[in-house]
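A quick write-up on the structure given underneath.
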Amino acid sequence: MAYIKLDREKCKGCMLCISVCPKGQLKEDKGLNKKGIRPVRFLDKDCSGCAFCAIICPDCCIEVYK
Amino acid sequence: MKKIFGRTRSLRGVDTHYCQGCGHGVVHRLIAEVIDELNIREITIGVTPVGCAVVAYDYWDFDCVESAHGRGLAVATAIKRLQPDKIVFTYQGDGDLAAIGTAETIHAANRGENLTVVFINNTVYGMTGGQMAPTTLIGQKTATSPLGRNEKTEGYPLRISELLAQLQGVYSVERSSTDSVQGILKTKNAIKAAFKNQMENKGFSLVEVLSACPTYWVLSPVESLDWIKNTMSKVFPPGRIK
Ligand SMILES: Cc1ncc(C[n+]2csc(CCOP(=O)(O)OP(=O)(O)O)c2C)c(N)n1
Ligand code: SF4
Ligand code: SF4
Ligand code: SF4
Ligand SMILES: [Mg+2]
């Protein structure tokens, strides 16, 4: 089992990570962060640790553990 | 469990001022990763541009010198000649490298200065409000081409990388795209090779990076990457040029 840590406050809500996650492990959050932006939330059910999300993130919000 | 991906030493953890989905953030990270992997953080001097990346020196944790718009390669030439042991690179937009700085760019390349250039092609002048750049596509609407760029009055998208590759002094030119995970990994390899060339005294090496400006393309970040893949890459095909 792998997992990611996503910095909710740093996230700009571009949704690029969602678009590349092959496992559907990322979803738009319902709440807002301090920037007033709807960040992304990690579902933590079936992450493969592929790091696609981290590689595409323009704001380096994601750490990957495997 | 081991951390297999995280922020690298040369990238500060601060929030950037870039718009959501902006390609500058990706390329900043790639440069920082390359510098750390090559273990050259202490000897690197970045020449930062005027353009949206004007405060890149606040986002990187190595020495930087700010240059006037377009003059990056003149500044870098001076630094490298005075301190040949340093690894010197410029980071320049299309308005910077291919419009106001055309003369500085061409002559530094023609002199074969032993420098590394990271050229961010986002087809517009981002910082000043999304005006047309030399790299704007035919038909592309911008603040100064509201009806779309017309080649009869504004000319054609300038493929300056191909132009520079013609010069004898130029060692390597590669174009790469940040439209996908694979493209980003290729871009990193291209940037790494361009830094290594300088470390091995091979000479002038340039990497053109196709990079999203969702704000002035008036597209979402996801649509912007599709636009790079399906439209921009047709005019600026990624690959090794020299
Ligand atoms: C000598 C000079 N001329 C014009 C400007 C105004 N100016 C600032 S940024 C810019 C264009 C930036 O476009 P680009 O280099 O493509 O960078 P981007 O913001 O798109 O990353 C211009 C024309 C300036 N700052 N200095
Ligand atoms: S590491 Fe891969 S599987 Fe896990 S969240 Fe990121 S993109 Fe999805
Ligand atoms: S790619 Fe990064 S900034 Fe964009 S939504 Fe995902 S975590 Fe947030
Ligand atoms: S205007 Fe364009 S290039 Fe500038 S920060 Fe915003 S998205 Fe990036
Ligand atoms: Mg530009």
Side-chain angles (χ1 to χ4, degrees), chain A, chain B residues 1-33 36 52-53 59-61 120 122 177-189 209 211-215 219-226 228-229:
Chain A
M1 253 303 261
Y3 65 95
I4 66 159
K5 285 186 190 167
L6 192 152
D7 188 337
R8 188 174 190 282
E9 294 308 324
K10 212 159 182 268
C11 176
K12 290 180 183 165
C14 70
M15 308 292 154
L16 288 173
C17 52
I18 297 182
S19 77
V20 297
C21 177
K23 296 279 191 177
Q25 293 302 291
L26 301 164
K27 284 272 167 321
E28 192 175 349
D29 202 323
K30 289 202 178 70
L32 302 178
N33 66 12
K34 286 188 193 123
K35 290 192 177 89
I37 276 168
R38 235 177 263 292
V40 163
R41 193 163 54 89
F42 176 51
L43 301 182
D44 202 3
K45 293 254 157 55
D46 184 27
C47 172
S48 66
C50 68
F52 289 0
C53 54
I55 292 166
I56 205 108
C57 178
D59 292 282
C60 210
C61 304
I62 297 174
E63 287 178 349
V64 186
Y65 295 82
K66 199 173 177 176
Chain B
M1 221 161 296
K2 245 180 45 211
K3 194 200 275 190
I4 60 154
F5 191 103
R7 181 172 56 81
T8 190
R9 171 75 173 82
S10 287
L11 191 70
R12 291 189 181 155
V14 296
D15 278 12
T16 70
H17 71 289
Y18 297 121
C19 310
Q20 57 169 210
C22 173
H24 279 300
V26 172
V27 188
H28 284 16
R29 192 190 78 230
L30 298 181
I31 290 172
E33 287 174 352
D36 290 337
C52 279
Y59 304 147
W60 283 318
D61 199 358
I120 306 295
N122 59 12
S177 165
T178 51
D179 64 351
S180 62
V181 169
Q182 221 193 6
I184 290 170
L185 294 174
K186 278 193 190 160
T187 302
K188 180 172 170 182
N189 286 340
V209 184
S211 170
C213 175
T215 299
L219 296 172
S220 73
V222 174
E223 289 166 344
S224 296
L225 298 197
D226 287 342
I228 295 179
K229 189 178 294 147

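Below, chains carry the letters A, B, ... as their sequence lines are ordered, and counting in each starts from 1.
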Where [X] and [Y] come nearest, the two heavy atoms and their spacing:
{"X": "V181(B)", "Y": "I56(A)", "result": "N-CD1, 3.9 Å"}
{"X": "V222(B)", "Y": "C14(A)", "result": "CG2-O, 4.3 Å"}
{"X": "P58(A)", "Y": "V26(B)", "result": "CA-CG2, 3.7 Å"}

Can a donor-acceptor pair be found, under 3.5 Å and without considering hydrogens, that links the side chain of R29(B) to the backbone of I55(A)? yes
Test T16(B) against K12(A) for side chain to side chain contact (heavy atoms under 4.5 Å, CB included), laying out the working first. CA-CA 10 Å; T16(B) 70; K12(A) 290 180 183 165; 2.8 Å; yes
Counting only non-hydrogen atoms closer than 4.5 Å, does [X] touch chain B with its backbone (N, CA, C, O), its side chain (CB onward), both, or neither?
{"X": "C57(A)", "answer": "backbone"}
{"X": "K5(A)", "answer": "neither"}
{"X": "I62(A)", "answer": "backbone"}

So M1(B) and Y3(A), do their side chains get closer than 4.5 Å, heavy atoms only? yes
Go through the atoms of [X] and report whether side chain, backbone, both or neither lie under 4.5 Å from a heavy atom of chain A.
{"X": "V14(B)", "result": "backbone"}
{"X": "L30(B)", "result": "neither"}
{"X": "I184(B)", "result": "side chain"}

From the list G6(B), S220(B), G25(B), the residue making the most non-hydrogen contacts under 4.5 Å with chain A is G25(B)
Can you tell me which of G183(B), G21(B), S180(B) forms the most heavy-atom pairs within a distance under 4.5 Å of chain A? G21(B)
Verdict with reasoning, D15(B) to K10(A), per side chain to side chain contact (heavy atoms under 4.5 Å, CB included): CA-CA 7 Å; D15(B) 278 12; K10(A) 212 159 182 268; 3.2 Å; yes
Using the side chain to side chain contact (heavy atoms under 4.5 Å, CB included) rule, take K3(B) and E63(A) through it: C-alpha gap first, then chi angles, then the decisive distance, then the call. CA-CA 7 Å; K3(B) 194 200 275 190; E63(A) 287 178 349; 3.2 Å; yes
Over 12 non-hydrogen atoms of neighbours within 6.0 angstrom of CD in E9(A): yes
